[in-house]
Every structure is written in structure tokens, then in C-alpha cells.
Amino acid sequence: GVYGLWIVCFVLLILSLTVFYGALMAFSSLGGAARVVAMLCGALAPIGFLALLIWGAVSFAPAAATSIGRRKFTFISARRVSKPRYWPLLTAFLLVIVGYVIVASIISAIFQIPINNAMAPVMAAMMNGNDGPHLIALVQEALFTPMMLAILIVNMLVSFVLATVYYVA
């Protein structure tokens, strides 16, 4: 129930973003000053949507635990549970997110080294203006080796484990 409501909230957020930017495009078609205002709103709106997303995630994070503890569906009352502890919860979430970004960036950089080395001949061929079929053959030659496939599989597994660990945290 609670997780289904989270999915519905996510779909509603995507729909509201689509409607918002569609309305901005219609407003900007008026031309003149309306176009400048629409561009400014379009540039600043993601900050507002991100703030709304973070506020909702932190405020309603205890919804599943609250529902289990009270043995009934209590999505909205989870806000009452988190309201007195909002800033410590936000700090904890930000620490987890920053930790995840740092660890994921380091792991990604480590896995990018062999991939970049394998793709170097492809990049050189692109810079020399080689045709499409030759470039596709070079990409296949570079990426479809047992070593590259092993690196990509290990990267996916490590990313999955990392995401799982930080999701649980």
C-alpha cells in the first residue's frame, strides 16, 4: 500500500512536470517579455521541484514503518512522526546521499580506466573521419572481449551492491 502510493506520487510528479513545461512552452510562444519570463521559470523550476521532492521524501520516509507499527495504512500521519525530527532526518539523508555519490564516483572512475583504454582506438578512428561500419566494427572489437564483458558485469554487480547498501542505510 505505502510503496504503491510512492509510485503514484512519482507518476504524479512526472505528469505535473510535463504539464508545467508544456504550459511554459505555450506561454513562451507569446513572444517578447513572456519568452524571457518562461525561460527564467524554466531554468529555476528544477530547483523548486527538487526542494519539493526532498521535502516529500524526508517528510514521508517513515510511512512504511508507521503503517507497520500502527497496523494500518498511515501514509499522511507519517508527516506527524517526522515533523519534530525533520532537520536531523534531512541531515542524515544528505550524509547518506553524499556518501553514496563519493563512493559511486570512485568506483565508476576505477571501472572507467580499462573502458577508456579499450575505446581509445575507436576515438582515434572517429577523429580521423572513418566511416560508420568501420567504427561499429572497432567498437565491437573493443567492447566484446571476455575481459571487457567481465569488467562490465563486475561493474554492474558492484553498482547493485552499492545501491542496495545505501538504500538500506
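For CD of Gln112, the number of neighbouring non-hydrogen atoms (other residues, nucleotides, ligands) closer than 6.0 Å is greater than 12.
Under the rule for a side-chain contact (heavy atoms from CB on, under 4.5 Å), Ala23 has no partner lying at least two apart in sequence or in another chain. Residues passing the side-chain contact (heavy atoms from CB on, under 4.5 Å) test with Ile113 are Asn117, sequence neighbours excluded.
Grouped with Leu40 in one hydrophobic cluster are Leu44, Ile47, the linkage being side-chain heavy-atom contacts under 4.5 Å among Ile, Leu, Val, Met, Phe, Trp and Tyr residues.
For residues 98-145, the ring pair (Phe, Tyr, Trp, His ring centres under 6.0 Å) pairs, not counting sequence neighbours, are Tyr100-Tyr166.
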Output side-chain donor-acceptor pairs under 3.5 Å for residues 80-95, partner residues at least two apart or in another chain, one line each.
unit_1, atom_1, unit_2, atom_2, d
Ser82, OG, Ser59, O, 2.6
Ser82, OG, Ala78, O, 3.4
Ser82, OG, Arg79, O, 3.3
Arg85, NH1, Val81, O, 2.8
Thr91, OG1, Trp87, O, 2.8

Do any side-chain atoms of residues 147-160 form donor-acceptor pairs under 3.5 angstrom with protein atoms, and if so which ones, sequence neighbours left out?
unit_1, atom_1, unit_2, atom_2, d
Asn155, OD1, Ser159, OG, 3.4
Ser159, OG, Asn155, O, 2.8

May I have the list of side-chain donor-acceptor pairs in residues 26-34 shorter than 3.5 Å, sequence neighbours left out?
unit_1, atom_1, unit_2, atom_2, d
Ser28, OG, Leu24, O, 3.4
Ser28, OG, Met25, O, 2.9
Ser29, OG, Ala26, O, 2.5

Side-chain donor-acceptor distances from residues 5-21 under 3.5 Å, at least two apart:
unit_1, atom_1, unit_2, atom_2, d
Ser16, OG, Leu12, O, 3.3
Ser16, OG, Leu13, O, 2.8
Thr18, OG1, Ile14, O, 2.9
Tyr21, OH, Gly42, O, 3.2

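In this structure, Leu143 CG and Leu138 CG are separated by 10.5 Å, a value rounded to the nearest 0.5 Å.
In terms of heavy atoms, Leu135 sits closest to Asn130 at CD1-O, 3.8 Å.
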When you look at Met119 and Val139, which way does the side chain to side chain contact (heavy atoms under 4.5 Å, CB included) test go after all the steps? CA-CA 7 Å; Met119 291 298 289; Val139 169; 4.2 Å; yes
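In this structure, Met39 is not a member of the same hydrophobic cluster as Val37, with clusters built from ILVMFWY side-chain heavy atoms closer than 4.5 Å.
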